[in-house]
*Asks:* 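For reference, the structure I am asking about is given below.
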Amino acid sequence: MELIIKEQIAEILERAIQDAQRDGAIAAAQLPAARIEYPREERFGDYATPFAMESAKVLKKSPLDTGNILKPYIEKYECVGQVNVVKPGFINIFLSLEYLFSCLKTIHEEKDAYGRNVKRNPVRVNLEFVSANPTGPLNIVSARAAAIGDTLANLIEATGDIVDREFYVNDYGNQVFLLGLSVLHRYKELNGETVAFPEDGYHGEYVRDIAQYIKDNFSDEISRCSDEQELIDYMARRAVEYNVRGQKSDLERFNVNYRRWFSERTLHENGSVENTLAHLDSRATIYDEDGKKVFRSTAFGDDKDRVVVRDDGRPTYLLADIAYHKDKIDRGYGLIIDICCPDHHGYIARLSGAMKAMGFREERFRVLLAQQVNLVMEGELVKMSKRLGTFSTMSDLLDEIGVDVARYFFIMRSIDSHLDFDLALAKKQSSENPVFYLQYAHARICSIFREAEKRRIPYEPARAEMRFLDNPESIVLMKLLAKFPEEISDAATALEPHRITNYLLRLAQAYHRFYTEHRVLSDEEAQTATYMTLCDAVRIVLKNGLGLLGVSAPERM
RNA sequence: GCGCCCGUAGCUCAGCUGGAUAGAGCGUCGGACUUCGAAUCCGCAGGCCGCAGGUUCGACUCCUGCCGGGCGCGCCA
């Protein structure tokens, strides 16, 4: 059974047009594609097409006439209810009650799998997100990227593709050196030495923790370091280890699990960086300038060429990152998605330029920018800076408001918009949070089933009858349930996870409305069976939907 | 100066890739529990979609120019 209704309607429309042409009812001309869209208002219909208007010129017919000709051709299909042709020339299509009723059965059959598609030829997708420097704990922006990335991965998987979640660890270069230097300084302090703190060092309190951790566990190995340089390297390596472990556990707590943690260092050590340079060179995109190697990124849309090897022979960060992305290409992914932080957006042009230079098709590389998060605390803006050590960590946030609320809040806004995250509000008014609204709907349904059990009312979906569902509240609810797979598909292709939170909100709202209007457990057995079936379907979809968001669906609250 | 994101109800934001009379939550005000969970529901009020042009049957949506807010513009990562 085809799950995406919109695609079914599109097919029906195509066939209707062909049939009409075959019968000579409309001209056999080259026609524009029959687009399917959603009417602005529900009362107009479930789906609409502007086809009659768009083909007016070619057909030399008024849109209303075309619409009326097509109407019977569309109406003869089982899943189509009413078809209306209105004012400017829209053809509005309603789904039939029979069809909606049949969707309830589908939901009960598929249960946890409802909404999930199976593809014969799934695309392998690489989704890289968070990829914060291993120089400290994860902050709030990383938390947003984590929620968005993981949810997006869930959505793409639900459409039938295969997603590898990946975290790129920048465990190489100057920042790591500075980290080592800072830790060494704190380490010396622990041993009673006093020296000036490194200028660009990391001031955060956690650096002392790392120093203490190293002192507690690795004193022996430290005593074997022969000089300062070796000592710094050692500190850096242990500190990275410590931080990555911390980041990993923060993310796991947040329900985010990676397929792979990719170390930048390995690219330098196994020759990938050099190979990538040679590869780019072989494609004539590298030139020499003052002893440096420069990538001609302007040939691929960047506004400036970029140095990839310094005059002292050391590769830049960009070259390693290109090597990393070459590695992804070589692993055979059909789609590569990066979610990066707002302060990296100037970087996108040169990287996607490199992808083009390596012959990777443009539309198969997507970079999403997870916009900034302003943490607001009682009306005050909280500044976040790792360097200054004045940031609030992701783990602090989870302590404050919990995983469910945090994930939901980060996902509920479009990825493009800056997010004002009012911590005090999220915590204080938690009972009025949208996430609780959704969870409440779920718990409420579970409660009905507990009540039924108590009263020894059996659950008999087979006895459900369509006639009890012919009322506005049930119809709205069934339409939403039927559209779940379509919502997933739309959100996944647009790479916009926030659409699912909006959808679930509408579903919960429709359910609460249904609940106030209709008594589920009544003396009429067939009606009870019908409404229990409907409620169960809502419960399944809520649970599956919340699952995609990584938010729990409690049975009682 | 250049580039990216944003500007929609008092506040926070949707608006499904150009469609019909612009929506929701919170907040304000007014209603609804002897009955399956009132963490709920119903109703009222609230708008020149930043401004000005352009594209067309039709623009919150696309183009151009301004105004305002945020971020970036390293051979740091």
Side-chain angles (χ1 to χ4, degrees), chain A residues 6 35 37-41 44 48 50 53-54 56-57 63 86-90 92 131-135 170 172-178 200 264 290 292-294 303-304 306-312 314-321 341-349 369 371-372 374 412-422 425 429-434 436-437 439-441 443-452 454-455 457 486-487 490-491 493-494 496 498-499 501-503 505-506 508-509 511-522 528 531-532 535 556-557:
Chain A
K6 203 200 293 188
R35 294 186 299 123
E37 51 196 37
Y38 305 105
R40 181 169 286 282
E41 287 185 49
F44 293 141
M53 289 182 288
E54 289 174 347
K57 262 182 199 162
V86 296
K87 319 185 256 187
F90 287 105
N92 291 327
S131 296
N133 285 338
T135 51
N170 303 133
Y172 187 90
N174 195 42
Q175 303 287 358
V176 172
F177 170 79
L178 284 173
D200 298 321
E264 179 188 354
D290 307 330
K292 295 169 285 196
K293 300 277 186 197
V294 183
D303 49 13
K304 203 176 129 186
R306 306 291 170 173
V307 173
V308 287
V309 181
R310 303 173 177 93
D311 53 11
D312 62 5
R314 285 156 51 232
T316 62
Y317 175 80
L318 176 63
L319 184 56
D321 207 13
C341 292
D343 51 345
H344 279 65
H345 77 247
Y347 184 77
I348 296 171
L369 234 59
Q371 285 296 338
Q372 189 189 334
N374 291 322
M412 71 196 235
R413 299 303 178 210
S414 137
I415 186 168
D416 290 328
S417 65
H418 298 194
L419 181 67
D420 277 351
F421 201 118
D422 193 325
L425 199 80
Q429 300 197 330
S430 62
S431 63
E432 282 152 31
N433 253 316
F436 286 95
Y437 183 84
Q439 291 179 324
Y440 179 65
R444 214 178 197 187
I445 296 170
C446 294
S447 160
I448 291 173
F449 278 81
R450 282 194 298 270
E451 180 67 20
K454 208 161 67 185
R455 297 193 204 165
I457 298 172
E486 187 168 313
E487 293 283 347
D490 285 350
T493 37
E496 290 178 353
H498 75 277
R499 291 192 192 186
T501 60
N502 290 337
Y503 164 77
L505 232 36
R506 275 183 282 140
Q509 187 176 39
Y511 180 72
H512 287 310
R513 203 164 288 171
F514 164 84
Y515 179 89
T516 41
E517 291 298 321
H518 303 279
R519 172 148 285 268
V520 178
L521 306 176
S522 66
T528 300
Y531 285 162
M532 283 178 83
C535 286
R556 45 182 106 223
M557 307 170 58

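All values derive from a computational prediction rather than experimental measurement. Each chain gets a letter, A, B and so on, in the order the sequences are listed, and its residues count up from 1.
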*Asks:* May I have the distance from A/Ile415 (atom CD1) to B/A14 (atom C1'), rounded to whole angstrom?
*Replies:*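 Spelled out: CD1 on A/Ile415 to C1' on B/A14 is 16 Å.
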*Asks:* A/Thr516 side chain N/O closer than 4.0 Å to the phosphate oxygens (OP1, OP2) of B/C41?
*Replies:*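 No, because none of the side-chain N or O atoms of A/Thr516 sits under 4.0 Å from OP1 or OP2 of B/C41.
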*Asks:* How close or far is atom P of B/G74 from atom NZ of A/Lys304, stated in whole angstroms?
*Replies:*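 That distance rounds to 5 Å.
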*Asks:* If the cut-off is 4.0 Å, is A/Arg444 near the phosphate of B/A38, judged by side-chain N/O to OP1 or OP2?
*Replies:*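 So the side-chain polar atoms of A/Arg444 do come within 4.0 Å of the phosphate oxygens OP1 or OP2 of B/A38, strictly under.
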*Asks:* Could you check whether the side chain of A/His345 and the base of B/G3 have a donor-acceptor pair of N or O atoms closer than 3.5 Å, going by distance alone?
*Replies:*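 Yes, the side chain and the base share a sub-3.5 Å donor-acceptor pair.
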*Asks:* What integer number of Å spans the C1' atoms of B/C16 and B/C60?
*Replies:*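 Approximately 14 Å lies between the C1' atom of B/C16 and that of B/C60.
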*Asks:* Kindly point out which of B/G37, B/A77, B/C5 is positioned nearest to the side chain of A/His418?
*Replies:*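 Side chain of A/His418 sits closest to B/C5.
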*Asks:* Look at all strands and tell whether A/Asn92 reaches a base, only sugar-phosphate, or nothing, counting heavy atoms closer than 4.0 Å.
*Replies:*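 If one applies the 4.0 Å heavy-atom cut-off, A/Asn92 turns out to touch a base.
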*Asks:* Indicate, yes or no, whether a donor-acceptor pair under 3.5 Å links the base of B/C71 to the side chain of A/Gln372.
*Replies:*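 No such pair is found, so the answer is no.
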*Asks:* Does the ring of A/Tyr511 carry A/Arg444 above it, NZ/CZ under 6.0 angstrom from centre and within 45° of its axis?
*Replies:*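 No - A/Arg444 does not lie over the ring of A/Tyr511 by the 6.0 Å and 45° rule.
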*Asks:* What nucleotide among B/C36, B/A14, B/A77 has an atom nearest to a side-chain atom of A/Ile448?
*Replies:*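 The answer is B/C36, which lies nearest to the side chain.
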*Asks:* Nearest whole Å is fine: how far is B/C26 P from A/Met412 CE?
*Replies:*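 My rounded result for the distance is 11 Å.
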*Asks:* So does A/Arg513 pair up with A/Glu517, basic N to acidic O under 4.0 Å?
*Replies:*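 Looking at A/Glu517 together with A/Arg513, the answer is no, because their closest N to O distance does not fall below 4.0 Å.
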*Asks:* So, the side chain of A/Gln439 versus the backbone of A/Met557: is there a donor-acceptor pair under 3.5 Å, distance only?
*Replies:*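 No; zero donor-acceptor contacts below 3.5 Å.
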*Asks:* If we take the P atom in both B/G27 and B/C41, what is their distance in whole Å?
*Replies:*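 Looking at atom P only, B/G27 and B/C41 are 12 Å apart.
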*Asks:* Taking only side-chain N and O atoms of A/His498, does any of them lie within less than 4.0 angstrom of OP1 or OP2 on B/G15?
*Replies:*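 Looking at the OP1 and OP2 atoms of B/G15, one of them is under 4.0 Å from a side-chain N or O of A/His498.
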*Asks:* Rounding to a whole Å, what distance do you find between A/Phe90:CZ and B/G18:P?
*Replies:*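 Taking atom P of B/G18 as the reference, CZ of A/Phe90 is at 14 Å.
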*Asks:* Expressed in whole Å, how much space separates the C1' atoms belonging to B/C63 and B/C13?
*Replies:*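 To the nearest whole Å, 27 Å.
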*Asks:* Establish, with yes or no, whether the OP1 or OP2 oxygen of B/C76 is under 4.0 angstrom from a side-chain nitrogen or oxygen of A/Arg310.
*Replies:*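 Yes.
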*Asks:* Kindly assign one of parallel, tilted or perpendicular to the pair A/Tyr347 and A/His344, based on the angle between their ring planes and the thresholds 30° and 60°.
*Replies:*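 A/Tyr347 vs A/His344 ring planes: perpendicular.
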*Asks:* On RNA chain B, nearest-nucleotide positions of A/Phe44 versus A/Tyr347: which is more 5'?
*Replies:*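 It is A/Phe44 whose nearest nucleotide is closer to the 5' end.
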*Asks:* With syn defined as a glycosidic angle within 90° of 0 and anti as the rest, where does B/U28 land?
*Replies:*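 Chi for B/U28 falls in the anti range.
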*Asks:* Please determine if A/Asp312 and A/Arg310 form a salt bridge, counting it only when a charged side-chain N lies under 4.0 Å from a carboxylate O.
*Replies:*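 Answer for the salt bridge query: no.
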*Asks:* Measuring only the P atom in each nucleotide, how far is B/U17 from B/C62? A whole number of Å is fine.
*Replies:*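 Rounded to whole Å, the distance is 12 Å.
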*Asks:* How close or far is atom P of B/A38 from atom CE of A/Met557, stated in whole angstroms?
*Replies:*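 In whole Å, B/A38 P and A/Met557 CE are 13 Å from each other.
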*Asks:* Give a yes or no on whether a salt bridge exists between A/Asp290 and A/Lys293, defined as a side-chain N under 4.0 angstrom from a carboxylate O.
*Replies:*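 Result for this pair is no, no salt bridge flagged.
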*Asks:* Where the side chain of A/Ser447 is defined as all heavy atoms beyond and including C-beta, which of B/G37, B/U40, B/C36 is the nearest nucleotide?
*Replies:*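 It is B/G37.
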*Asks:* Between A/Tyr515 and B/A38, is there a contact of a side-chain N or O with OP1 or OP2 at under 4.0 Å?
*Replies:*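 Checking A/Tyr515 against B/A38: at least one side-chain N or O falls below 4.0 Å of OP1 or OP2.
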*Asks:* Closest nucleotide of RNA chain B for A/Asn174 versus for A/Leu369: which of these residues is on the 5' side?
*Replies:*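 With A/Asn174 and A/Leu369 compared, the 5'-side residue is A/Leu369.
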*Asks:* Looking at A/Tyr503, I'd like to know whether one of its side-chain N or O atoms comes within less than 4.0 Å of OP1 or OP2 on B/A24.
*Replies:*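 Checking B/A24 against A/Tyr503, no side-chain N or O comes under 4.0 Å of OP1 or OP2.
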*Asks:* Which pair of heavy atoms, one from A/Asn92 and one from A/Pro39, lies closest together, and at what distance?
*Replies:*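 Closest approach of A/Asn92 to A/Pro39: OD1-CG, 4.4 Å.
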*Asks:* If you check the A/Ser414 side chain, which of B/A14, B/C76, B/A38 turns out closest?
*Replies:*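 Out of B/A14, B/C76, B/A38, the nucleotide with an atom closest to A/Ser414's side chain is B/A14.
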*Asks:* Counting heavy atoms from C-beta on, name the nucleotide in B/G37, B/C76, B/C6 closest to the side chain of A/Gln175.
*Replies:*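 Output: B/C76.
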*Asks:* Quick check on B/G25: is either OP1 or OP2 less than 4.0 Å from any side-chain nitrogen or oxygen of A/Gln509?
*Replies:*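 Yes, A/Gln509 has a side-chain N/O under 4.0 Å of OP1/OP2 on B/G25.
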*Asks:* How long is the line joining CG of A/Asp420 and C1' of B/G25, in whole Å?
*Replies:*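 It is 16 Å, rounded to the nearest whole Å.
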*Asks:* Between A/Arg35 (CZ) and B/U17 (P), how many Å, whole number?
*Replies:*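 One finds 8 Å between P of B/U17 and CZ of A/Arg35, rounded.
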*Asks:* On a whole-Å scale, what distance lies between the C1' atoms belonging to B/G23 and B/C5?
*Replies:*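 These two C1' atoms come out 23 Å apart once rounded.
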